[in-house]
Protein chains: 2
Amino acid sequence: MSTEDRIQKQKDLVEKIGRHFDREGFQPIAGRIIGLLMVMDKEQYTFDEITEELHISKSSASNVLRNLEIREMIEYITIPGDRKKYYRLRQQNAFELIDEFERKSKFVTELLQEVICLKADKNSTNAQLFANVIDILEFYHENLKVLREKYIKS
Amino acid sequence: MSTEDRIQKQKDLVEKIGRHFDREGFQPIAGRIIGLLMVMDKEQYTFDEITEELHISKSSASNVLRNLEIREMIEYITIPGDRKKYYRLRQQNAFELIDEFERKSKFVTELLQEVICLKADKNSTNAQLFANVIDILEFYHENLKVLREKYIKS
DNA sequence: TATTTAGTTTATAACTTTATAAACTAAATG
DNA sequence: CATTTAGTTTATAAAGTTATAAACTAAATA
């Protein structure tokens, strides 16, 4: 594959990653910025390079970059005697996706427990279904702890 | 707890579950309908009961109910000689949350593989981080299969 | 001290989503 | 066959989101 082809594919992948983060609740421009910083060979972009590369206004860039920084998705470094900000992806916890699952799983478990707790008939169709889901989620919760330890040791 | 208190708490929980599904990308009314069908003692509601209980217009109810049905979140039954539709929660696969994690995990793994594949320098900071994430996700993928078998047997 | 550079802030335009009212349809009842 | 019931469809109002232009600020250079 020629370098040009490769770079074109990288740019396509930036859009694809943008759409992924879009679905995760980020704004479109935020997704594309994350994509850019993830995919391209240059892993550190200045403010101006980002606006040029993604064809977005300075104000969009400014607002979205600030937002991504607050969310701890990206960070910037500055160099003494240089007014530019150099943006790059923040080193994420590699277990992020697992942790996210665990948080959601915990939240859903608690909701379902509350639902059952408030049912007049604890043997209703839904109460039984929810008890089943809670049982599964608690089983996974226990075992995921073990799995993580196993992974870290290996 | 008095029955009245309990019912008030159920109604509050309907709203809370509504917000949860909102965050999952459902429209607010859709979330509240799911909440209603999950939480209340009556686990089967007619169209009119839903519009009255949630104070929503007939057209909102009609559109959202149709949408939830297409998404296979709810279903309705009809009774011969009765024009009403009786809506209820669809019996979900109890492993839904696990499956959802698996789907997302697979998608992210493939994206990251594509990212690394297109990098000029496979040892760049990001390439290394992503390789690490892929390794973790593949480890979990393998082990989650085993976990499910273990759960089903028990 | 005037000008340029690097971004930030604010007001608003453009678009998308959500919810409704009102008109409509189709089946059942009087 | 006229009316009521149960919901659907359509047009639109209301609200929320996203992106921009233009005015602004603060630091660095000329």
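Since the structure is predicted, the reported quantities are computational estimates derived from the model, not experimental observations. Chain letters run A, B, ... following the sequence lines, proteins first, then strands; residues in each count from 1.
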Mutual orientation of the aromatic rings belonging to A:His20 and B:Phe107 [parallel < 30°, tilted 30-60°, perpendicular > 60°]: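 Aromatic pair A:His20/B:Phe107 classed tilted.
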Geometric class of the A:Phe101/B:Phe101 ring pair [parallel <30°, tilted 30-60°, perpendicular >60°]: tilted
What is the distance, to the nearest angstrom, from the [atom1] atom on [X] to the [atom2] atom on [N]?
X: B:Tyr86; N: D:dG7; atom1: OH; atom2: P; result: 9 Å
X: B:Tyr87; N: D:dT8; atom1: OH; atom2: C1'; result: 10 Å
X: B:Ile29; N: D:dG16; atom1: CD1; atom2: P; result: 14 Å
X: B:Asp82; N: C:dA26; atom1: CG; atom2: C1'; result: 16 Å
X: A:Asn67; N: D:dT18; atom1: CG; atom2: C1'; result: 12 Å
X: A:Ile33; N: D:dA19; atom1: CD1; atom2: C1'; result: 12 Å
X: B:Leu68; N: D:dG7; atom1: CG; atom2: C1'; result: 16 Å
X: A:Asn63; N: C:dT12; atom1: CG; atom2: P; result: 16 Å

Nucleotide forming a Watson-Crick or wobble pair with C:dA23, both distances under 3.5 Å: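 C:dA23 is paired, partner D:dT8.
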Base C:dA19 to side chain B:Ser59, donor-acceptor N/O within 3.5 Å cut-off: no
B:Arg83 (side chain) and C:dA28 (base): donor-acceptor pair under 3.5 Å: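 Check fails, no donor-acceptor contact within cut-off.
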Pair B:Tyr45 + B:Tyr87: ring centers closer than 6.0 Å: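 Aromatic pair excluded; centres sit 6.0 Å or further apart.
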Think [X] has a side-chain N or O under 4.0 angstrom from the OP1 or OP2 of [N]?
X: B:Lys85; N: D:dT8; result: yes
X: B:Gln27; N: C:dA19; result: yes
X: B:Ser62; N: D:dT8; result: yes
X: A:Lys58; N: D:dC24; result: no

Shortest side-chain distance from B:Ser57, nucleotide among D:dT20, D:dT8, C:dA21: C:dA21
Derivation of the side chain to side chain contact (heavy atoms under 4.5 Å, CB included) call for A:Glu49 and A:Lys84: CA-CA 11 Å; A:Glu49 284 166 348; A:Lys84 289 198 183 75; over 6 Å; no
Between B:Gln128 and B:Asn132, a side-chain donor and acceptor under 3.5 Å: no
